[in-house]
Amino acid sequence: MVKDDRKYSKTHEWVLRSGDTAVVGITDHAQDALGDITFVELPKTGTVLTQGKECGVIESVKAASDLYSPASGTVTEVNGGLETAPEAINADPYGNGWLFKLSGLNETEFDRLMDAAAYGAFLESEA
Amino acid sequence: MKRTPLYNKHLALNAKIASFGGYEMPIQYKSIVFEHNATRQAASIFDTCHMGEFSFCGPNALGDLERVLSSPVGSMKIGQCRYGFICNEAGGVIDDQILYRMGENEFFMVVNASTESNDFHWISDHLSRDTITENLSAQTAKIDLQGPASPKICAKLMEEPIGKIPYYHFTHNRYRGERVLLSRTGYTGEIGFEFYSTPELALKFWDDCLAAGAVPAGLGARDTLRLEMGYPLYGHELDEATNAAWSGFTRALGEKAFIGSGAIRAEGGRAYRLCGLLIDGRRTAHSGNVITTPAGEEVGRITSGSFSPSLGHAIALGYLRDGYQQVGAVVSITTDRGALQATISETPLYRKASGRADIENYL
């Protein structure tokens, strides 16, 4: 499942923009591939992230995976509920399973991300 | 890559498939945690047709197996199952297996899939000439029905009363007009059965169990369930280079003479010991991770690790050096992504499993 209202990275994160701030999460495809998510390590509030760079870790019962920031910016808030209930990412990857919020979004970088149609095609090509 | 007779059932259930022991096996259907919890709380079925089955009979079968297996064979009653190792001369483990005593000199053995062919050759090379052995793996299907609801499901599907089969015992029954073997064994810690039949009949049993409410469970849940119980997985906790004494499974190591017993007793099981570890937090340790004291001295290695769905935190098994095996001691585990703190624990790590309970309480 892919949502039309946001943009996507090749490492299966999504960015939902609102002005120069944004919410970041992982896609439905990513949560399904990982299986039951049991642990997340997220960047701390105030951390400056660079697009495409490692910014955390996601572990599931069967795998561990690095998390890459789909956009540059400063972390303004992290989803603290995931510390004890990371399964929210499996249940609702585009909603309650959001990971963190960013401010100071870079316009040019954001435009380079895939829209829903392009990400859908990217998933097809990877399958 | 081989497929079990149930392969098409897994595809129809949208299972995620991966290779295990030379077979394309279901890793999960819906989710590992869901299947794990269904096994602890209700009932699940596992396709275990990949495992190997052998039969042995003849006047010297008992004596032969007594020499080939680490566990006592002569003291087994007819109708009893017993866990034990097949060891090499150096005391390493060629495989772990469960032996069924079918008659005075008649036995049935279940072994791992990846080691089946090697086991059969090794055992055959160590039998008397008049011991007749057969590799039944291709013609034998096996489904594990596990969990507190499994006795009710089993009783409903079998044509004869299932009776009071005790833990680690077996009986024969009739299912859809054919004779089948049922044992009170499994790899989950929960009360349940291993069902043996022809491949054709197993297809029906699979469907009948699903219709009766059992959840299909894959190798992912099988692994988290066995890890919570501290059960070894061949290739992780046990292998040909690891002395069987270190496993700490003293009941699987008889006081008799058997192949490898000299090396096992000479070692004494002191140098290393397999220990359970309760990890603080949810992060997983992996096979090969180094275990150290809080001061940083290397004292062992992790063999298996996972998040424990039943306990809500990570757990592991690992070999710890002599002098560092104290239950309650705190150790550090070095992972690729930082250090984890853990407490050495007795096994099982999960203590509420129903496996050894009386069947009557679940009917």
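Note that these values count all heavy atoms, side chains included, but never hydrogens, waters or copies made by symmetry. First the proteins, then the strands, lettered A, B, ... as listed; each starts at 1.
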Can you tell me which portion of [X] sits under 4.5 Å from chain B's heavy atoms? Options are side chain, backbone, both or neither.
X: A:D66; answer: both
X: A:E83; answer: backbone
X: A:A63; answer: neither

Relative to chain A, which segment of [X] carries a heavy atom at a distance below 4.5 Å: side chain, backbone, both, or neither?
X: B:S31; value: both
X: B:T284; value: both
X: B:R283; value: both

(request) Check the surroundings of atom NZ in B:K16: do more than 12 heavy atoms from other residues, nucleotides or ligands lie under 6.0 Å from it? (result)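 Count over threshold, so yes.
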(request) Looking only at non-hydrogen atoms, find the nearest pair between B:Y234 and B:D239 and report the distance. (result)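 Shortest heavy-atom separation between B:Y234 and B:D239 comes out as OH-CA, 3.6 Å.
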(message) On a heavy-atom basis, which atom in B:D207 and which in B:K9 lie closest, and how many Å separate them?
(response)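 Result for this residue pair: OD2-NZ, 2.7 Å.
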(request) State, yes or no, whether a side-chain contact exists between B:L145 and B:F195 at a heavy-atom distance under 4.5 Å. (result)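 Counting from C-beta outward, B:L145 and B:F195 never come under 4.5 Å.
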(message) For B:F46, run the side-chain contact (heavy atoms from CB on, under 4.5 Å) check against B:T188, B:I143, B:L219 and tell me which one passes.
(response)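 By the side-chain contact (heavy atoms from CB on, under 4.5 Å) criterion, B:F46 pairs with just one of B:T188, B:I143, B:L219: B:T188.
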